[in-house]
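One-based numbering along the sequence shown.
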Amino acid sequence: MKEYMNKKIIKKLLIFFISSTILIFFDQLSKHLATTNLKNTNEVYEFIKYIIYFVYHENRGAAFGILQEKYLFFYIITIVIILFILIYMFKLELKKGNILKFISLIFIFSGAIGNFIDRFFNKFVVDFIWLKYLFFDFPVFNFADICITVGVGLLFIVIIFLEKDNTKGNTI
């Protein structure tokens with residue numbers, strides 16, 4: 001039984017870290033491409049006409065530019081979030097309903113690591129995706145931000161809509 005549990009834990013860890021590595025790789029690759037092709041151009045490139053644009057932006061704060069240059073705060077918060085996710089992930093049993101929760105942790109972890117890498121090495125996060133349509137003008141963001149948003153959204157759905165069944169003894 002113990003050997004079976006160890007294999008399940010190893011499989012879960014492998015899935016978690018391989019998936020996270022792939023997402024982090026795409027985040028860092030996209031930021032590298034944005035830096036290489038957009039930095040110092042002062043250009044806005046249209047990707048999907050009237051909706052998605054690419055523009056280089058250095059964000060020294062958090063979402064929507066809040067908490068500018070609070071590096072120590074971001075380091076501490078990110079490390080706490082990463083540790084919490086890792087501890088929770090180890091305890092999470094991959095039963096039927098927990099798969100969505102597991103996937104959400106992968107996305108949040110990957111996004112947090114992706115932006116942490118930028119903050120640690122550059123003292124800013126490279127943002128380059130801009131949504132703008134008529135009166136809708138969303139702040140510039142990046143792939144790591146998408147990962148965090150998808151992960152938190154998925155976790156929200158699991159907690160609000162699926163975990164209510166858990167109180168009846170069902171595993172989510």
Next item on the list: Would you check if the side chain of Lys12 reaches a backbone N or O of Phe102 as a donor-acceptor pair within less than 3.5 Å?
Entry: no
Notebook entry, point to check: Are Ile157 and Ile160 joined in one hydrophobic group, where the rule is that I, L, V, M, F, W and Y side chains link up if heavy atoms are under 4.5 Å apart?
Noted result: yes
Check: Is it true that Val125 and Ile129 fall in one hydrophobic cluster, defined by side-chain heavy atoms closer than 4.5 Å?
Finding: no
What distance separates [X] [atom1] from [Y] [atom2], expressed to the nearest 0.5 Å?
| X | Y | atom1 | atom2 | result |
| --- | --- | --- | --- | --- |
| Leu100 | Leu105 | CG | CG | 11.0 Å |
| Ser104 | Ile159 | OG | CD1 | 7.5 Å |
| Thr149 | Ile108 | OG1 | CD1 | 9.5 Å |
| Leu23 | Ile146 | CG | CD1 | 11.0 Å |
| Ile77 | Leu72 | CD1 | CG | 10.0 Å |
| Phe116 | Phe74 | CZ | CZ | 12.0 Å |

Next item on the list: Report the residues that fulfil ring-ring contact (aromatic ring centres under 6.0 Å, His included) with Phe124, sequence neighbours left out, ordered by chain and then residue number.
Entry: none
The criterion is salt bridge (charged side-chain N to carboxylate O under 4.0 Å, His left out); which residues satisfy it with [X], sequence neighbours excluded?
| X | answer |
| --- | --- |
| Lys11 | none |
| Asp127 | none |
| Asp145 | none |

Going by side-chain contact (heavy atoms from CB on, under 4.5 Å), name the residues that satisfy it together with [X], two or more places apart in sequence or in a different chain.
| X | value |
| --- | --- |
| Phe26 | Ile22, Phe143 |
| Ile117 | Ile24, Gln28, Ile113, Phe121 |
| Leu14 | Ile10, Ile18 |
| Lys132 | Tyr53, Trp130, Asp137 |

Check: Who pairs with Tyr75 by side chain to side chain donor-acceptor pair (under 3.5 Å), at least two apart in sequence or on another chain?
Finding: Lys123
Checklist line | Asn142 and Asn115: side chain donor to acceptor below 3.5 Å | finding: yes
If I compare all heavy atoms of [X] with all of [Y], which pair ends up nearest, and what's the gap?
| X | Y | value |
| --- | --- | --- |
| Phe107 | Cys147 | CB-O, 3.3 Å |
| Tyr56 | Ala34 | CD1-O, 3.9 Å |
| Ile106 | Ser19 | CG2-CB, 3.7 Å |

Next item on the list: Using the six-membered ring wherever Trp is involved, compare the ring planes of Phe141 and Phe138 and label them parallel, tilted or perpendicular (cut-offs 30° and 60°).
Entry: perpendicular
Next item on the list: For the pair Phe16 and Phe109, name the ring-plane relationship: parallel under 30°, tilted 30 to 60°, perpendicular over 60°.
Entry: tilted
Next item on the list: Hey, could you give me each pair passing salt bridge (charged side-chain N to carboxylate O under 4.0 Å, His left out) that has a residue in residues 17-38? Not counting sequence neighbours.
Entry: Asp27-Lys31, Lys31-Asp118
Next item on the list: Check whether more than 12 heavy atoms from other residues, nucleotides or ligands sit under 6.0 Å from atom CZ of Phe17, and answer yes or no.
Entry: yes
Cut-off 3.5 Å, no hydrogens considered: what does the side-chain donor-acceptor table look like for residues 41-50, sequence neighbours left out?
from  : atom 1 : to    : atom 2 : distance (Å)
Thr41 : OG1    : Leu38 : O      : 2.6
Thr41 : OG1    : Glu43 : N      : 3.2

